[in-house]
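Read the numbers this way: they start at 1 and go in the same order the structure lists the ligands and their atoms. All values below come from the heavy atoms of this structure, side chains included, with hydrogens, waters and symmetry mates left out.
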Amino acid sequence: MIKKDSIIKLLNKLPSQLHDIIFLSRELAKKEKVGVYLVGGFIRDLLLGKENFDLDMVIEKNGIGFATKLSKILNAHLVKHRAFGTATVTKKDGLKIDIATCRKEFYPNPTELPIVRQGSIEDDLFRRDFTINAMACHIDFEKFGQFVDIFGGLRDLKDSRIRFLHEGSFVDDPTRIIRAVRFEQRLDFCIDTKTLSFIKQAKKMKLLEKVQKHRIRDELILVLKERKPYSMLKRLKQIYSLSFINKNINLSKNLKRVFCDIDKACMWFVSNFPQRRILDIWLMYIAAFLYDLSPRVLFRLLNKYAFFRGDKKRIISFKKEFRKIDKNLSMERLPVIKLHNILYPLSYEVIILALVISESQQTKKRVREFFLKYHHKKLIINGKDLLSLGIKAGPEFREIFQKVFRAKINGKIHTKEEELEFVKQIISR
Ligand code: ATP
């Protein structure tokens, strides 16, 4: 068991944004006379010395009431989830605190969502996935720093072990199998032997196949947002198989290289365009992972797993367009305006994937060139400028803009004055 003083030392070493919230919560707990705990991944990472800015708190009674008061003290945004007795407090600097009432869960039917009741801290820890995620630390006034470790989480943390809390764990919630692999690979731990044997049993019972698809989707996306997604998929295949996602799914050797190349291409993109929007790297991984499925199977799968519309659109667009893009971009002669017309309507993710997957050096070169030289090019003049030159609004506008843009992208004109002059030349012809 870890001593109170050691925990307080660790809490005192936290960055000031976290430290301040914890100490303000301690004051509030004293005023409200209620037990407050830090729990879950935050405690795990605190003990591992890993940075974690997602504070997870549980309150013995009325978590939403506590969250409401804390949000006022912190002048932060509050979202209540009444049905679950939880709330999320988000500070202006983006820091997020998840607050819940201690709860007890019952699983009336295997693999379905549980019934939730208010419970003790012990109940709350017992409903969790693994011992290393089932430790808590008091932050209420008198017991501040006192450590709660009922299931031997600290020992497992020291022994680098992922261990479930009870034998019914995967029957209650099979998504924990995916979580076990995620934590094992992320932390370089090992799934404990007994836990592993229950995963094998879960496989025989096809438990993951019975879970609601959107929950599988969320867990898979979490896997793909990790730093080692390929090794996680490989391990999942090894201990369970990936056919629960779709029977046609395969984890080709080539995919490892593709994931690696996606990382490199994204690093190249971010270092060249730091101010552009953040890339959805997980989406590129999944588009590559599912690429060998036929368009029909892919479309069905994305619908079945209820992927969001924008995500689905990008994944399908890559499947449908890649061959055509690659064929056009690998041609010997390709006018710049054509390159622009092909790539500009596509999302960054689709374009970067094309760069990665294509085997043509010409395609790769052209994609890079497009981003570096042409992607940002836009006309400065607009409709008003054309009207001021006496041109009537109508289909002619589009034609003129296209001509001016072609001249601009070919480097013949640069400034607004040059664009206007070019328009004058067009209309005088
Ligand atoms: P990460 O570092 O990936 O954010 P985390 O441990 O904080 O990991 P969350 O998914 O944020 O994980 O969940 C918070 C806590 O809730 C976990 O630490 C765990 O105790 C519990 N938990 C989450 N999902 C489950 C689950 N499916 N079954 C049981 N407990 C869960």
Glu369 and Arg366 ion-paired at < 4.0 Å
no

Would you say the side chains of Asn250 and Ser252 form a donor-acceptor pair under 3.5 Å?
no

Verify side chain to side chain donor-acceptor pair (under 3.5 Å) between His376 and Arg276, making sure each step is shown before the conclusion.
CA-CA 11 Å; His376 61 282; Arg276 301 266 170 98; 4.9 Å; no

May I ask which of Glu226, Arg182, Arg179 has a heavy atom nearer to atom 9 (P) of ligand 1 than the others do?
Arg179

Can you check whether Phe318 and Phe322 have ring centres sitting under 6.0 Å from each other?
yes

Just by distance, no angles: are the side chains of Ser169 and Arg176 close enough, under 3.5 Å, to form a donor-acceptor pair?
yes

Heavy-atom contact under 4.0 Å between Phe42 and ligand 1?
no

Within the structure, does Arg44 bring an N/O atom to less than 3.5 angstrom of an N/O atom in ligand 1?
yes

Check for a donor-acceptor pair, side chain of Asp56 on one end and backbone N or O of Phe42 on the other, with a separation under 3.5 Å.
no

With nothing but distance in play, are any N or O atoms of Gly41 less than 3.5 Å from an N or O of ligand 1?
yes

Any protein heavy atom lying closer than 4.0 Å to atom 11 (O) of ligand 1?
no

I'd like to check whether Asn133 has a polar contact with ligand 1, where a contact means an N/O of the residue lying under 3.5 Å from an N/O of the ligand.
yes

With respect to Arg176, determine whether any N or O atom, backbone or side chain, lies less than 3.5 Å from an N or O atom of ligand 1.
yes

Would Arg103 and Asp124 pass as an ion pair if we require N to O under 4.0 Å?
no

Hey, is Asp54 one of the residues with a heavy atom under 4.0 angstrom from ligand 1?
no

Taking Glu359 first and then Arg257, would you say they form a salt bridge - that is, a charged N and a carboxylate O separated by under 4.0 Å?
no

Atom 26 (C) of ligand 1: closest protein heavy atom, distance to 0.1 Å, is Asp173 OD2, 3.7 Å

Of all protein heavy atoms, the one nearest atom 15 (C) of ligand 1 is Arg128 NH1, 3.6 Å

Nearest-neighbour protein heavy atom for atom 3 (O) of ligand 1, which is reported as residue plus atom name and distance
Arg186 NH2, 2.5 Å

Please check whether Asp129 reaches ligand 1 - meaning an N/O of the residue sits under 3.5 Å from an N/O of the ligand, judged on distance alone.
yes

